[in-house]
Amino acid sequence: MLKRKIEIRLRPDGEIEAEVKGFKGKKCTDYIAFLEELLEAETIDSNYRAEYYEQEVLLKDENKVLESIEVIPESILKASNKK
Amino acid sequence: MSVSLILLPLGLAAAGMIGIKEVEKADQLELEKLRAKKQKEVATDSIEKEVSKPLHWYAMETRMKDLSMIGNSLDNLGCLYQSIDDLIAFRWREKDCFLRQNEAGLYEAIFNDLVTVEVAQKIVAEVQEEYTKVLQAQVYTKLLAKAEERGLILESEEIEADNSVLLTFSVQGR
């Protein structure tokens with residue numbers, strides 16, 4: 001499992017860049033509200049990277065992460081099918 | 001990397017074109033009275049002393065939203081200022097400037113036509129540049145004060161060439 005990190009760059013023009021690393025799937029989206037509250041700021045732009053479209057597969061009994069599978073959102077699938 | 005964000009602190013408005021607009025008539029009269037009063041008290045500018053006719057006033061929107069940070073910025077610039085009703089009056093580059101918060105929560109810089117638009121833009125840019133530095137320092141202090149209790153452990157800190165501060169945190173127990 002990747003090490004989970006958050007990089008925060010405080011720019012001299014007052015704006016803030018943040019990168020949430022090592023999370024998969026919707027978990028990283030939870031960090032948007034977390035960072036907004038922590039930094040007393042609002043998000044004006046966001047970019048999702050490949051790992052966002054991966055999901056953690058949990059084994060119910062052991063609650064452990066077994067593997068990651070890539071889940072491509074329906075909207076992207078539809079767009080690629082049209083081509 | 002999963003998500004990258006750009007965030008705007010609550011004390012700062014988004015960057016955009018700096019619009020210039022005429023100050024409303026009632027406010028023009030109020031500013032004229034203030035100018036006349038100031039001239040009697042501490043007239044130092046020989047040109048302004050000579051001008052007795054009413055001046056035309058115009059306003060320029062800034063990105064600044066926080067009064068205390070504006071105060072800190074003017075202090076850092078070594079600029080004396082005073083609050084008069086809802087105005088902050090200060091003198092910079094030998095020109096009288098006023099700041100007032102508009103309905104949208106942004107501070108507008110107000111100048112009379114003894115100050116050219118070019119000089120006014122320079123003044124606004126300088127005050128605003130100091131303001132964003134004050135804001136950067138405040139965000140840094142608050143972030144470090146809150147991070148650990150929110151499960152973020154500071155791993156590294158780096159000052160970059162453009163004076164950005166890069167902080168890397170490891171995430172614990174979330």
Side-chain angles (χ1 to χ4, degrees), chain A residues 1-58 63-65 67-73 75-76, chain B residues 1-16 63-66 69 73 125 128-174:
Chain A
M1 196 173 165
L2 283 169
K3 201 171 178 191
R4 300 183 304 174
K5 284 186 181 183
I6 295 179
E7 267 185 15
I8 297 173
R9 177 176 284 106
L10 309 177
R11 296 190 339 210
D13 67 357
E15 293 187 4
I16 304 165
E17 292 171 19
E19 228 173 83
V20 179
K21 296 177 169 185
F23 294 86
K24 293 183 191 300
K26 280 191 94 181
K27 244 182 197 177
C28 61
T29 312
D30 298 342
Y31 276 88
I32 296 176
F34 171 77
L35 286 168
E36 285 182 339
E37 192 268 325
L38 182 70
L39 296 161
E40 296 175 21
E42 58 181 358
T43 303
I44 54 168
D45 195 18
S46 60
N47 275 304
Y48 293 88
R49 308 295 173 94
E51 281 166 282
Y52 176 75
Y53 301 110
E54 292 178 17
Q55 249 182 16
E56 283 182 341
V57 178
L58 300 176
N63 204 31
K64 282 181 182 169
V65 177
E67 58 175 331
S68 293
I69 58 167
E70 196 169 339
V71 178
I72 301 169
S75 56
I76 294 178
Chain B
M1 287 170 284
S2 299
V3 179
S4 62
L5 308 169
I6 295 180
L7 300 112
L8 197 60
L10 299 180
L12 188 69
R63 299 179 69 196
M64 303 183 286
K65 290 165 94 175
D66 187 287
M69 280 196 283
S73 311
Q128 211 162 249
E129 192 184 327
E130 191 55 42
Y131 180 89
T132 57
K133 282 183 200 165
V134 169
L135 178 64
Q136 184 194 33
Q138 195 191 81
V139 172
Y140 171 86
T141 307
K142 282 187 177 180
L143 173 59
L144 289 195
K146 290 197 278 186
E148 204 162 334
E149 68 186 43
R150 308 291 168 93
L152 301 182
I153 307 299
L154 183 64
E155 282 194 341
S156 68
E157 180 179 333
E158 192 185 323
I159 311 284
E160 298 182 320
D162 68 348
N163 285 326
S164 291
V165 181
L166 177 62
L167 302 160
T168 305
F169 295 94
S170 63
V171 181
Q172 311 289 311
R174 273 179 69 95

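Every chain is numbered from 1, with letters handed out A, B, ... down the list of sequences.
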Quiz prompt | Contact summary for A/Glu19 and B/Ser4, nearest pair of heavy atoms | solution = CG-CB, 3.6 Å
Quiz item: Looking at CG of A/Leu35 and CZ of B/Arg150, how far apart are the two atoms once the value is rounded to the nearest 0.5 Å?
Solution: 11.0 Å
Exercise. Count the heavy-atom pairs under 4.5 Å between each of B/Ile153, B/Thr168, B/Val139, B/Leu167 and chain A, then report the option with the highest count.
Key: B/Leu167
Quiz prompt | Nearest heavy-atom neighbours spanning B/Gln136 and A/Arg11 | solution = NE2-C, 3.6 Å
Quiz item: Once you round to the nearest 0.5 Å, how far does OG of B/Ser164 lie from CD1 of A/Ile8?
Solution: 13.0 Å
Quiz item: Is it the backbone or the side chain of B/Leu12 that comes under 4.5 Å from a heavy atom of chain A, or both, or neither?
Solution: side chain
Quiz item: Considering residues, nucleotides and ligands other than B/Glu157, do more than 12 of their heavy atoms fall under 6.0 Å from its CD?
Solution: yes
Quiz item: With sequence neighbours left out, which residue pairs that include part of residues 7-16 of chain B fulfil the side chain to side chain donor-acceptor pair (under 3.5 Å) condition?
Solution: none
Quiz item: From B/Leu135 CG over to A/Asp13 CG, what is the distance, rounded to the nearest 0.5 angstrom?
Solution: 9.5 Å
Practice problem: Would you please test A/Phe34 and B/Leu152 for side chain to side chain contact (heavy atoms under 4.5 Å, CB included) and show each step? | Solution: CA-CA 11 Å; A/Phe34 171 77; B/Leu152 301 182; 4.0 Å; yes
Practice problem: Name the option with the most non-hydrogen atom pairs under 4.5 Å to chain A; the candidates are B/Leu166, B/Thr132, B/Val134, B/Ile6. | Solution: B/Ile6
Quiz prompt | Any pair counted as salt bridge (Lys or Arg N to Asp or Glu O under 4.0 Å), so long as it reaches residues 158-168 of chain B, sequence neighbours left out | solution = A/Arg9-B/Glu160
Self-check item: Atom pair CG/NZ of A/Leu38 and B/Lys142 - distance to nearest 0.5 Å
Solution: 11.0 Å
Quiz item: In terms of heavy-atom pairs under 4.5 Å, which option from A/Thr43, A/Asn47, A/Leu10 contacts chain B the most?
Solution: A/Leu10
Practice problem: Taking all heavy atoms of B/Leu5 and all of A/Ser46, pick out the closest pair and write down the distance. | Solution: CD2-CB, 3.5 Å
Quiz prompt | A/Glu40 CD to B/Leu7 CG distance, which is reported to the nearest 0.5 Å | solution = 12.0 Å
Quiz item: Passes side chain to side chain contact (heavy atoms under 4.5 Å, CB included), B/Glu155 versus A/Lys3? Steps please.
Solution: CA-CA 12 Å; B/Glu155 282 194 341; A/Lys3 201 171 178 191; 3.0 Å; yes
